[in-house]
Structure formats: C-alpha cells, structure tokens
Protein chains: 2
Amino acid sequence: MSDPANPRPTLAGVAARAGVSASTASLVFSGAGPVAEATRTRVLEAAAALGYAGPDPTARSLRRGRTGVIGVVTEDRLGDAFRDPINLALLDGLGEELADEGFGLLVLPWAPDSGVDLSAVPMDAAILLGCSADLAHSVEVLQRRRLPLVAIEAPPLAGVVAIDLDNADATRRGAELLRELGHRRVALVTLPLDLGRTRAPLTPAREQEATAFTAMERIRGARAVFPDAGGVSAGGSTVAEGYLAGRALLDVPPADRPTAIVAQSDLLAAGVIRAAEELGIAVPAELSVLGFDGVRLDGITPYALTTLVQPAVEKGRAAGRAVREALAGRTPVPVSFASELRAGTTAAPPPTF
Amino acid sequence: MSDPANPRPTLAGVAARAGVSASTASLVFSGAGPVAEATRTRVLEAAAALGYAGPDPTARSLRRGRTGVIGVVTEDRLGDAFRDPINLALLDGLGEELADEGFGLLVLPWAPDSGVDLSAVPMDAAILLGCSADLAHSVEVLQRRRLPLVAIEAPPLAGVVAIDLDNADATRRGAELLRELGHRRVALVTLPLDLGRTRAPLTPAREQEATAFTAMERIRGARAVFPDAGGVSAGGSTVAEGYLAGRALLDVPPADRPTAIVAQSDLLAAGVIRAAEELGIAVPAELSVLGFDGVRLDGITPYALTTLVQPAVEKGRAAGRAVREALAGRTPVPVSFASELRAGTTAAPPPTF
DNA sequence: TTGTACGCGTTATCAT
DNA sequence: ATGATAACGCGTACAA
C-alpha cells in the first residue's frame with residue numbers, strides 16, 4: 001500500500017512538474033479563478049503523469065473548514081436502524097436533500113459504550129435520529145464542537161433544530177376512533193422504552209425511567225383517551241416483536257382480553273394480528289388493531305391496516321434541508337409534521353356479549 | 001453559528017491559557033507521552049473554561065493521515081440499498097468489525113451522475129457493495145488515491161480485495177435439485193441486470209449488456225443445468241417486483257407455463273409465490289419455486305422457501321476485517337464464501353399430465 | 001494571468 | 001516532563 005519509493009503525489013509535486021506555482025495548480029483543480037488554457041493543460045498533464053488523484057480531501061477539508069460529511073447518529077445497531085421501514089423512508093428523504101447534493105452520510109451507531117467517539121468524528125453537522133437516552137450527553141459534546149444539530153422527534157433541546165411529529169395527538173385521534181367504535185378495554189403495544197429494549201408489561205416505574213421520547217409521546221396520546229390503558233413494550237419495531245407482544249396480551253381468558261390494541265408501529269400491528277389469527281381471534285370482529293406509520297406492508301398481512309400515516313420521507317427531506325440551511329449560515333426553522341388517520345379494515349366495533 | 005467575537009477554541013488557545021506549549025497540551029488529549037499530573041489538570045481546566053471540545057478531527061486527520069471513516073459505495077439509492085435484507089445482514093457484519101471498533105461508515109450511493117465525487121470524499125478505505133456497472137471507473141479514481149479497496153461479489157479487479165460468494169455454483173446446485181425432481185421447463189427471475197433496472201424478458205442482447213455481476217453469475221449457474229432457461233429480470237429485489245415477474249411468467253396458457261422458477265432472491269421468490277397463489281397455481285404441486293439468500297421471511301409468505309442460504313453477516317465481517325488488515329499495513333487475503341441449499345416446502349416434482 | 005506568503009489545527013521528532 | 005520546530009496538503013488574500 002504505502003510505497004516509500006513512490007510517495008503519493010501532491011499538488012505541490014504536480015505544480016513543480018508542470019513548472020507552475022502550487023496556487024496556480026490549485027486553481028486548476030478548484031476551478032476558482034482564471035487559468036490560461038495552456039497552463040491548465042500542462043498542469044493536467046503533469047497530474048496524469050504522476051497519477052495525481054486530485055486535491056487530498058482531508059487537507060482540503062481542513063483548509064475550507066468543511067468535510068462534506070453529515071453524521072447520522074442513531075442509537076440502534078447499524079442493521080437494526082435500517083430494518084425499520086420508517087427509517088428507510090427517512091433515509092430516502094435525507095438522500096434527496098443531502099446525498100444528491102454531494103454530501104456523504106456518515107452512520108454513527110451510538111451507545112454509551114460504543115467505539116465511536118462523537119467528539120472525534122470529522123463532520124459538518126449531525127442529525128440525531130431516534131436518540132433520546134443520553135441524548136443530552138451526545139448533544140453536549142457536539143455542541144461544543146459548534147456543529148449544527150438537527151434532531152428528529154426528540155425532546156426539545158436548546159440550540160438543536162427540531163423536526164417533529166404529532167406523536168401524542170395522532171395517537172389520541174386514533175384512540176378516539178376506537179372509543180367512538182365502542183371500545184373500552186384497550187391495550188398498548190409500544191416501541192422499546194429504553195436502550196435495554198426490555199420486552200415487558202408497562203408499569204408506572206418502567207414508564208418513569210423510559211428514555212424513548214417517541215414511545216412515551218404515543219403512550220401519552222393513548223392515555224388521553226384511555227387513561228387506564230395498560231400494555232407491553234416490545235423489543236423493537238418488528239413483526240416478530242409484535243407477535244410476541246400480541247401473544248402476551250391475547251393469550252388470556254376472553255373476559256380479560258382487550259377488545260382493541262393500539263400498536264406503535266405498523267410492523268408491531270402486523271405481529272399482533274398474526275398472534276390473534278393464531279389464537280383464533282377474528283380481526284376486526286373480535287379484536288381491533290391500530291397501527292402507526294402507514295408503511296406499505298407489502299403482503300406482510302392481508303389486512304388493510306387502520307393506522308396513522310406519517311410523512312416519513314418529508315421528515316427526512318426537512319432534516320436534510322435544515323442541515324443545508326445551517327451550513328449556509330442561515331437559521332433553520334423547526335418543522336412539525338402531522339400524521340393522518342387512515343381507515344383500514346382492522347378497526348370495528350367491539351364484539352357484543 | 002459562527003461567532004466572530006468568540007472564535008472556536010483551539011489547542012493553541014488552550015495551551016496558552018494553561019501556560020504550556022501546544023505540544024504538551026496535545027499530549028494531554030492524545031494520551032501519548034508522559035505529562036505531569038499538575039500540568040494535565042491545568043490544561044484540562046483551561047479546556048473546560050474555554051469550552052474546548054478536544055482536538056479538531058479534521059486537523060487531526062490531516063496530521064495523522066487517518067480519518068477513521070470507511071466508505072461504503074453502493075449503486076443504489078440510499079434507501080433501496082438497505083431495503084434488501086441481505087445488505088442489512090452484511091451491514092450487521094460490517095458494524096461488528098468496523099463500527100464497533102470506532103470506525104464510521106460513510107454511505108456513498110454512487111451513480112454515474114450522482115452528486116458524490118469519490119475523489120473528494122475523506123476516507124481511509126472503501127468497500128464496494130454490489131458495484132459492478134462502472135465499477136472499473138470508480139475503482140480507478142479510488143486506487144489513484146491509494147485507498148485500500150474491498151469489493152463484495154464483484155468481477156476480479158487488480159489490487160482490490162475480493163469477498164466472494166459461490167453465486168454460480170450455488171445456483172447450479174439448486175437447479176440440479178429441480179432437474180432431479182423432474183423439472184424440464186424452468187424460468188428465471190433475476191435481480192436487476194443493469195443500472196436502469198429494466199423489468200423485461202431476458203434476451204441474449206440484454207444479457208450481453210448486463211453489468212450486474214451477481215445476477216449474471218447466478219444466471220450462469222442456472223444455465224449450466226437448464227441451458228435454454230429463459231425468464232425475466234426484475235426491477236429490484238422486492239416482493240412486489242417478484243410478484244410482477246411472477247405474473248409475467250405464469251399468466252400464460254398452462255402448456256407454456258414453467259413448472260419451476262429459479263428466483264435470484266428470497267424476496268423475489270415470495271413475490272412469485274404470491275403471483276402463483278393469485279392465479280390459482282398451487283405451490284409446490286403445480287409450481288416449484290427456488291429462492292436465494294436464506295433470509296428470514298418473517299411471515300411474508302407462509303411457505304418455508306427452498307433456497308440457497310448465504311452467510312451474509314459473515315461476508316460483512318470478512319469485508320470489515322479485510323479493511324482493518326489493509327489499514328494495519330498487512331495484505332488482506334481474499335475470502336470466498338459458499339452457500340448452502342436449504343430444502344423447504346416450495347420444491348416438489350412437476351405435475352404429471 | 002500567475003506567483004508569494006501565510007495559515008487551517010494538529011502531532012511527531014528531537015532537544016532540553 | 002516540556003518546548004521549539006516542522007511538517008501534513010491545500011486554498012486564498014494580495015501583490016506582481
């Protein structure tokens with residue numbers, strides 16, 4: 001790799017060989033400033049002859065004060081972060097506004113003990129994605145670096161541009177639909193409450209210690225309508241986790257069974273439905289199921305899920321735009337998105353006895 | 001953001017305030033070299049007072065010649081690259097070997113016209129993921145930069161560490177199973193053949209111009225057993241695309257229908273099965289379906305797919321290790337992985353007439 | 001149109 | 001244990 005006899009060519013080397021000064025050679029590559037056609041050619045020829053690949057990105061970054069890299073901080077393991085379709089949609093949006101504009105996206109799975117040291121990563125700005133646990137801590141170190149920060153669905157933080165979603169209110173509207181249909185016994189299947197992703201029944205204590213902002217907001221919305229609603233927290237936003245949660249809630253004497261379940265994601269809802277099917281509980285005749293996200297389930301379930309559709313791609317675009325605004329020296333405005341209740345075939349009046 | 005009155009603190013500033021030289025202050029932060037406990041404290045205090053966030057990553061990168069960033073070059077749009085479960089598994093492997101070791105993964109969706117200029121991205125090494133089209137071109141510019149390169153399932157390229165899979169041979173073994181079961185009329189549903197992702201029947205001309213290495217290898221393996229097998233190329237590795245391909249191949253007079261379909265991914269296979277169901281064609285009684293990948297279909301289809309299981313996570317780990325080897329100055333050894341035929345319930349003898 | 005001079009913020013080397 | 005000096009490779013005033 002590193003060949004001492006044949007060092008990597010530099011701008012200076014190219015310039016020397018072309019018989020011009022380094023600054024002139026620089027102009028040729030940056031395109032800023034006028035260069036005589038003849039000199040330009042000579043420089044390019046020298047570059048070709050030396051196998052010069054263009055200005056060193058690191059040196060250029062230092063000089064210009066820009067790396068062209070935007071960090072995306074997630075609290076998940078790498079694969080898991082992208083296993084959630086809602087994050088993929090978000091990535092699509094980010095891609096449009098950032099990747100397509102020449103920015104690279106640096107994925108940083110952050111955990112309290114993880115190898116990545118946020119204070120040592122070269123980047124121009126950071127997007128906080130589903131970070132809520134020690135968010136404040138991550139934020140502090142990034143802010144000391146004076147990096148523009150954009151947080152998606154996070155508790156409000158000074159100096160951080162918020163891209164928000166009406167998690168509580170949307171869930172409340174969904175819950176109201178269930179109440180209007182006549183449901184009284186409603187249970188919740190929530191997203192993971194903390195970094196531990198514990199799969200367990202909701203208890204006041206656990207909710208107290210929860211660090212996941214989005215999950216807690218959605219619980220809050222549901223409780224606005226069903227103050228006593230209990231439920232379980234899942235270990236992730238997957239069909240498999242939804243299934244487990246569904247079994248836990250539904251595999252009980254019929255009299256104790258909820259007549260409706262508010263799931264905090266469509267994947268969880270699909271898992272709940274599968275559990276119901278397996279237990280011989282008809283959806284929606286005997287059990288109504290509400291989802292969240294509005295992702296295409298693409299045959300994961302034959303039902304048209306009744307769910308809250310969130311504008312995930314738009315969220316990504318907004319975050320991307322906010323980053324660009326900040327980098328352009330302007331002050332990005334926080335954005336708040338609204339979800340929309342989409343009626344499907346999984347919500348109906350409760351069974352009558 | 002940028003406050004002219006209160007410039008971002010630098011190591012020099014901290015050193016000055018602590019009354020030591022910059023070199024000493026540097027030692028405090030890098031931990032390399034002995035520093036008296038008293039001085040260390042003074043430096044850290046000065047840093048705290050000034051809000052110094054630690055050495056600037058860009059400057060450090062320039063000086064040390066390392067950024068801590070590994071590029072992952074894909075030819076897909078950002079979201080699409082991660083929509084394929086096999087890539088997610090790969091990412092898991094990469095995460096273990098790289099992210100967990102403190103490297104950042106810089107996702108670079110590359111297309112001939114895309115905004116990202118590979119010659120301008122600060123990184124220490126690059127992993128080429130499913131890049132085959134103008135791979136040679138991408139590789140050239142990266143090699144001029146003397147970056148260690150690792151390619152996953154790519155045509156052999158000088159100086160690029162190959163992480164390979166037995167795509168052709170595995171497919172051949174799957175095809176042999178079908179032949180042994182008695183199948184003679186077999187059709188292929190392939191991954192996209194080129195950047196255009198054209199959804200169309202296979203023709204010699206199209207295969208000639210194809211740029212997708214993996215897809216072509218798998219075709220080659222299938223043809224080793226069924227030399228005349230035709231088929232269609234899908235527009236992506238998704239259930240929806242598989243469904244479309246399935247309709248195209250199966251919605252024909254029964255006499256023209258294939259008795260078996262070799263799909264190049266499990267998602268495509270699931271789509272084919274769905275198409276068959278919709279057309280009233282029983283699987284596997286009237287149609288056998290072979291997949292590839294061995295991903296958990298998690299309820300996408302009730303069938304246990306007969307498929308070729310590839311060690312995707314291992315592939316990612318191998319790629320990650322190769323990168324680290326190269327960065328450590330050693331020469332990584334290329335690795336070749338083998339897939340395993342896993343019998344499911346979707347392959348059976350063809351119907352008898 | 002081209003060259004000169006300097007600095008971006010750090011760290012490695014070598015003295016002291 | 002600490003400090004002076006010199007890069008790392010480039011961009012950009014400013015002068016010529």
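Sequence lines set the chain letters: A, B, ... in the order given, protein chains first and strands last, and positions in each chain run from 1.
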Would you sort out whether A:R330 and A:E325 count as a salt bridge (Lys or Arg N to Asp or Glu O under 4.0 Å), showing the intermediate values? CA-CA 5 Å; A:R330 292 186 285 271; A:E325 282 294 296; 3.0 Å; yes
Please tell me if A:S21 has a side-chain N or O lying less than 4.0 Å from either OP1 or OP2 of C:dG3. yes
Please check: side-chain N/O of B:S26 versus main-chain N/O of B:A22, any donor-acceptor pairing under 3.5 Å? no
side-chain contact (heavy atoms from CB on, under 4.5 Å), that's the test. Do A:I127 and A:L98 meet it? Break it down for me. CA-CA 11 Å; A:I127 298 173; A:L98 294 177; 4.0 Å; yes
For A:V160 and A:Q143: C-alpha separation, side-chain torsions, deciding distance, then whether side-chain contact (heavy atoms from CB on, under 4.5 Å) applies. CA-CA 9 Å; A:V160 178; A:Q143 279 186 327; 3.8 Å; yes
Residues 14-21 of chain A, side-chain donor-acceptor partners within the protein, below 3.5 Å, at least two apart:
{"from": "A:S21", "atom 1": "OG", "to": "A:S23", "atom 2": "N", "distance (Å)": "3.4"}
{"from": "A:S21", "atom 1": "OG", "to": "A:S23", "atom 2": "OG", "distance (Å)": "2.9"}
{"from": "A:S21", "atom 1": "OG", "to": "A:T24", "atom 2": "N", "distance (Å)": "3.4"}
{"from": "A:S21", "atom 1": "OG", "to": "A:T24", "atom 2": "OG1", "distance (Å)": "3.2"}

For every nucleotide of nucleotides 9-16 of chain C, 5' to 3': is a protein heavy atom under 4.0 Å from its base (B), only from its sugar-phosphate (S), or from neither (-)? BBBB----
Within the pair B:T58 and C:dC8, is there a side-chain N or O less than 4.0 Å away from OP1 or OP2? no
Show your working on side chain to side chain donor-acceptor pair (under 3.5 Å) between B:D194 and B:T211 and close with a plain yes or no. CA-CA 5 Å; B:D194 49 40; B:T211 54; 5.8 Å; no
Verify side-chain contact (heavy atoms from CB on, under 4.5 Å) between A:R42 and A:T39, making sure each step is shown before the conclusion. CA-CA 5 Å; A:R42 253 183 322 128; A:T39 17; 3.1 Å; yes
What integer distance in Å separates B:R40:CZ from D:dT2:P? 10 Å
Mind telling me whether A:F29 and A:Y52 have parallel, tilted or perpendicular rings, with 30° and 60° as the class edges? perpendicular
Taking five pairs at each terminus, the helix from C:dT1-D:dA16 to C:dT16-D:dA1 shows an axis bend, to 10°, of 30°
